[in-house]
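The next block holds one structure in the form of structure tokens; read it before the comments.
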Amino acid sequence: MNRQLNGFTATQTQEGFHVISHDKTKEFEITVNDFNEFANKYAQDTLEGKDPELSEKEEIIFSIWEMVLIPDSTKH
């Protein structure tokens with residue numbers, strides 16, 4: 001499954017996602033462990049009332065996480 005988001009294409013792998021920027025300057029892997037670490041950090045910041053500051057990789061993780069968890073039919 002390929003997903004294009006925010007200037008990146010994420011391709012699902014057995015370990016997570018392979019991400020390539022559209023301008024081909026960045027390429028990296030996002031693992032299931034990365035998702036778990038992000039979810040824990042995001043939850044902790046939210047519980048503490050903090051507005052989480054996300055790195056570029058965390059923004060991509062968040063975008064993928066939203067696509068996986070929030071159905072297309074959801075209205076915001």
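Predicted, not measured: the structure shown is a model, and the values here were computed from it.
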Is there a path of hydrophobic side-chain contacts, each under 4.5 Å between heavy atoms of I, L, V, M, F, W or Y residues, that connects [X] with [Y]?
{"X": "Phe8", "Y": "Phe35", "result": "yes"}
{"X": "Phe28", "Y": "Ile64", "result": "yes"}
{"X": "Ile20", "Y": "Phe17", "result": "no"}

(request) Would you confirm whether the ring centroid of Trp65 sits within less than 6.0 angstrom of the ring centroid of Phe38? (result)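 They qualify: ring centres under 6.0 Å apart.
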(message) Heavy-atom count check: over 12 atoms from other residues, nucleotides or ligands less than 6.0 Å from Lys41 NZ?
(response)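 Yes, because the 6.0 Å sphere around NZ of Lys41 holds more than 12 heavy atoms from other groups.
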(request) Taking atom CD of Glu48 as the centre, report whether more than 12 heavy atoms of other residues, nucleotides or ligands fall under 6.0 Å from it. (result)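 Count over threshold, so yes.
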(request) To the nearest 0.5 angstrom, please state how far the CD1 atom of Ile61 sits from the CD atom of Glu66. (result)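 Here the interatomic distance stands at 12.5 Å.
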(request) First locate atom CD1 of Ile30, then atom CD1 of Ile60, and finally report the distance between them rounded to the nearest 0.5 Å. (result)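 So the CD1 of Ile30 and the CD1 of Ile60 are separated by 5.5 Å.
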(request) Specify the closest pair of heavy atoms between Asp34 and Glu29, including all atoms of both residues, with the distance to one decimal. (result)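 Shortest heavy-atom separation between Asp34 and Glu29 comes out as OD2-O, 3.8 Å.
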(request) I would like to know whether His22 and Thr9 meet side-chain contact (heavy atoms from CB on, under 4.5 Å); could you show each step before the answer? (result) CA-CA 7 Å; His22 290 173; Thr9 299; 3.1 Å; yes
(request) Would you kindly say whether Thr25 and Asp23 are connected by a side-chain donor-acceptor distance under 3.5 Å? (result)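 Yes - a donor-acceptor pair under 3.5 Å links their side chains.
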(message) Assess, by modelled atom type and distance only, whether the side chains of Asn40 and Gln44 contain a donor and an acceptor separated by less than 3.5 Å.
(response)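 Short answer, no.
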(request) Could you tell me whether a side-chain N or O of Glu58 sits under 3.5 Å from a main-chain N or O of Ser55, the two making a donor and an acceptor? (result)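 It does hold such a pair.
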(message) Pair His18, Gln12 - check side-chain contact (heavy atoms from CB on, under 4.5 Å), show working.
(response) CA-CA 6 Å; His18 180 78; Gln12 190 170 5; over 6 Å; no
